[in-house]
Amino acid sequence: MKEAGSSPLWNLIPEDVRNLTEILNSEGYEAYAVGGCVRDAVLGKEPSDYDIATSALPEDTMRILKAKGVKTFATGLKHGTVTALSGIRPVEITTYRVDGEYRDNRHPENVRFTASLKEDMARRDFTVNAMALGREGIKDYFGGISDLEKGIIRAVGDQEKRFKEDGLRIMRALRFSSTYGFSLDEGTSEAVLSCRKLLENISRERIYSEFTKLICGRGAGGILRKYREVIFEIIPELEICSGFDQRSSFHLYDVYEHMVRAVENVRPYPVLRMAALFHDIGKPECFVMGEDGEGHFYGHAEKSEETARRILRRLKADGETVRKVSLLVKNHHRQVEDMDKAVRRALAKLGEEMFFPLLELKHADGIATGKPAESEGRHWEAVKKRAEKILSAKECISKDRLAVGGRDLMAEGIPEGKIMGQILHALFEEVLDGELKNEREELLERGLMLYDEYKNCRTDLRK
Ligand code: ATP
Ligand code: MG
């Protein structure tokens with residue numbers, strides 16, 4: 001519901017969040033929507049969560065909200081945070097506070113509550129995140145609106161000191177810059193670069209979470225180029241790729257630039273973007289100079305897969321992401337001809353879910369050489385269509401879709417065991433290659449024929 005007489009931006013804040021601030025106001029306390037939700041409201045974007053800052057102490061916040069029937073949880077009392085569950089989402093309500101001295105480049109030793117909204121805003125990381133929104137409009141003490149308009153990420157206060165306090169802000173600065181396509185203010189940019197070693201002290205989970213958002217941002221390519229030294233702090237394996245001349249007539253760029261270009265040419269999904277960023281990471285280790293004067297990289301897909309897996313594990317990526325990125329990297333060099341046989345085989349190898357991302361990666365890989373074949377786009381489009389046709393016809397692309405199973409073969413007299421597995425596998429391969437129809441009678445007949453061949457071969461061997 002729209003409130004009469006209030007700022008238009010205030011009406012972008014959902015009613016349940018506004019209600020919480022109004023309950024606190026009605027008891028004489030200040031309360032504002034703060035942080036990312038204000039930034040996103042001004043940008044016209046959907047915030048990922050809502051935070052409230054209030055002059056009320058946590059115990060007062062809990063008492064007042066409880067009296068109005070709002071469920072509250074003491075989720076971070078030490079830091080002044082109470083979580084309220086009034087509507088469809090949890091909302092964090094934090095008492096205005098000033099952070100004490102920082103230890104371990106990440107956590108303040110202690111916090112002190114304050115009655116000043118401005119002091120609370122001053123402890124926040126960037127000007128665009130240091131604004132408060134209330135019924136009457138925005139409180140902007142550090143030029144956040146102007147920086148949003150100019151597209152700038154600027155640390156609040158003494159830039160270097162702010163990154164030294166908390167090294168995670170380095171990743172946050174790059175993440176915001178990437179997701180909004182903003183640039184870093186000059187001083188912030190220098191501080192990010194000069195403080196990069198502090199990332200060593202930051203938990204890998206937090207780094208990974210920011211990194212994932214960073215590479216899915218629209219400015220990802222620019223950040224990966226301009227702040228490569230920062231990226232190398234968290235992924236040192238990339239450093240050798242930067243400036244690594246491929247000595248290849250197929251490539252215009254060094255390995256790092258090639259991978260960054262691949263990132264820019266796949267859609268912003270974490271698995272795809274990470275696969276693009278790591279797909280050739282093993283190349284420098286595999287480089288050999290051919291007699292033809294061309295650089296060759298035999299086995300680089302496997303090497304890259306191994307390295308990508310190690311990086312993702314170290315960064316504490318979830319198992320699903322590790323599996324999918326590894327699969328794409330390992331197969332990125334695989335040929336996929338525009339033929340039923342080839343497409344069915346690739347579908348069987350990759351599975352339905354990862355086949356299309358592989359096509360996307362391969363297409364991006366081609367573009368990122370800087371010398372793509374003119375027909376490349378058409379080729380991948382044709383392969384995609386062919387795969388869609390194969391899938392919609394429910395053709396057999398996995399063993400469980402084979403029209404016969406072990407039991408059927410056993411009924412024909414083929415014994416259970418290793419040989420049975422081999423026969424089923426051979427049948428599946430012949431179906432994939434289109435040499436055999438996926439029909440019961442045909443498969444049984446061929447299965448028996450293979451069994452005979454096997455038996456004869458065994459007899460031969462015994463002789
Ligand atoms: P997102 O859109 O990802 O939620 P956000 O800026 O809202 O971005 P949160 O982690 O939700 O990020 O933090 C809420 C607010 O808390 C920030 O906008 C900022 O004001 C402050 N903040 C968060 N992390 C830090 C930090 N490391 N240092 C200083 N202030 C921070
Ligand atoms: Mg937020």
Side-chain angles (χ1 to χ4, degrees), residues 12-14 17 32-54 75-76 79-84 89-109 111 114 117-133 138-145 147-148 153-182 188 191-192 195 198-199 201-203 205-218 268 270:
L12 293 179
I13 301 297
V17 182
Y32 293 91
V34 291
C37 70
V38 180
R39 175 195 74 222
D40 289 339
V42 176
L43 288 172
K45 294 188 188 299
E46 181 75 27
S48 60
D49 49 25
Y50 291 87
D51 296 304
I52 290 175
T54 179
T75 43
H79 297 105
T81 303
V82 167
T83 301
R89 77 200 98 229
V91 177
E92 287 198 348
I93 305 177
T94 304
T95 305
Y96 296 164
R97 66 172 212 231
V98 179
D99 294 335
E101 284 297 304
Y102 277 73
R103 64 182 154 85
D104 65 23
N105 306 116
R106 172 79 186 113
H107 300 100
E109 205 75 65
V111 304
T114 165
L117 172 65
K118 185 174 177 186
E119 277 190 335
D120 182 80
M121 291 296 117
R123 75 168 169 91
R124 294 171 184 270
D125 47 8
F126 307 111
T127 60
V128 297
N129 288 344
M131 296 186 285
L133 176 58
I138 291 218
K139 302 266 187 198
D140 175 15
Y141 301 103
F142 303 101
I145 292 281
D147 283 344
L148 272 185
I153 300 297
R154 183 198 313 271
V156 174
D158 179 339
Q159 317 248 3
E160 201 158 306
K161 177 164 170 262
R162 301 311 310 281
F163 291 109
K164 281 188 177 146
E165 284 173 353
D166 177 359
L168 184 67
R169 292 174 189 155
I170 297 168
M171 291 305 291
R172 281 175 61 88
L174 299 188
R175 183 258 282 202
F176 289 122
S177 167
S178 176
T179 47
Y180 298 124
F182 285 9
T188 303
V192 157
C195 295
L198 298 176
L199 282 170
N201 308 329
I202 306 301
S203 92
E205 288 89 341
R206 298 304 303 266
I207 288 182
Y208 178 69
S209 152
E210 294 298 334
F211 178 69
T212 308
K213 293 177 191 161
L214 187 168
I215 56 167
C216 288
R218 56 186 165 120

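Read the numbers this way: they start at 1 and go in the same order the structure lists the ligands and their atoms. Everything numeric here is computed off the predicted structure, so don't read it as measured data. Along the sequence shown, residues carry numbers from 1.
- Of the listed residues (Glu165, Arg39, Arg172), the one carrying the non-hydrogen atom nearest atom 17 (C) of ligand 1 is Arg172.
- Residue Asp51 touches ligand 1 through its side chain alone, judged by heavy-atom distances below 4.0 Å.
- Checked against the Mg ion (ligand 2), the N, O or S atom of Asp49 at the shortest distance is OD1.
- Under a 4.0 Å N-O distance rule, the pair Asp120/Lys118 does not qualify as a salt bridge.
- Between Tyr180 and Phe182, the ring-plane angle classifies as tilted under the 30° and 60° cut-offs.
- Atom CZ in Phe163 sits 10.5 Å away from atom CZ in Arg172 (nearest 0.5 Å).
- Among protein heavy atoms, atom 3 (O) of ligand 1 sits closest to Arg175 NH1, 2.9 Å.
- Where the criterion is an N or O separation shorter than 3.5 Å, residue side chain and backbone included, Gly36 meets it with respect to ligand 1.
- Nearest approach of Ile93 to Ala84, heavy atoms of both residues: CD1-CB, 3.8 Å.
- If you look at Asn129 next to ligand 1, the close heavy atoms, those under 4.0 Å, come from the backbone and the side chain alike.
- Here the CG-CZ distance, from Leu168 to Arg175, works out to 9.0 Å after rounding to the nearest 0.5 Å.
- The nearest non-hydrogen atom to atom 11 (O) of ligand 1, considering only Val128, Asp40, Asp49, comes from Asp49.
- When hydrogens are left out, the protein atom nearest atom 30 (N) of ligand 1 is Asp125 N, 3.2 Å; that is the closest non-hydrogen contact.
- For atom 4 (O) of ligand 1, the closest non-hydrogen atom of the protein is Ser48 OG, 2.9 Å.
- Remark: of the listed residues Val34, Leu12, Ile138, Asp140, Ile138 is the sole one forming a side-chain contact (heavy atoms from CB on, under 4.5 Å) with Leu133.
- Which parts of ligand 1 touch Phe176 is read off a 4.0 Å heavy-atom cut-off, strictly below it: atoms 6 (O), 8 (O).
- In this structure, NZ on Lys164 lies 8.5 Å from CG on Asp158, to the nearest 0.5 angstrom.
- Close approach to Arg169 involves these atoms of ligand 1, each under 4.0 Å from a residue heavy atom: 26 (C), 27 (N), 28 (N), 29 (C).
- The backbone of Arg123, and not its side chain, has at least one atom closer than 4.0 Å to an atom of ligand 1 (non-hydrogen atoms only; backbone = N, CA, C, O).
- With a 6.0 Å radius and a threshold of 12 heavy atoms from other residues, nucleotides or ligands, Arg106 has its CZ atom above the threshold.
- For atom 16 (O) of ligand 1, the closest non-hydrogen atom on the protein side is Arg124 NH1, 3.5 Å.
- If you look at Phe126 next to ligand 1, there are no close heavy atoms at all, none under 4.0 Å.
- Thr81 and Thr75 are not linked by any side-chain donor-acceptor pair at a separation below 3.5 angstrom, with hydrogens and angles left out of the test.
- Side-chain contact annotation: Asn129 with Arg124, donor-acceptor N/O pair under 3.5 Å absent.
- Under a 4.0 angstrom heavy-atom cut-off, Asp166 registers as being in contact with ligand 1.
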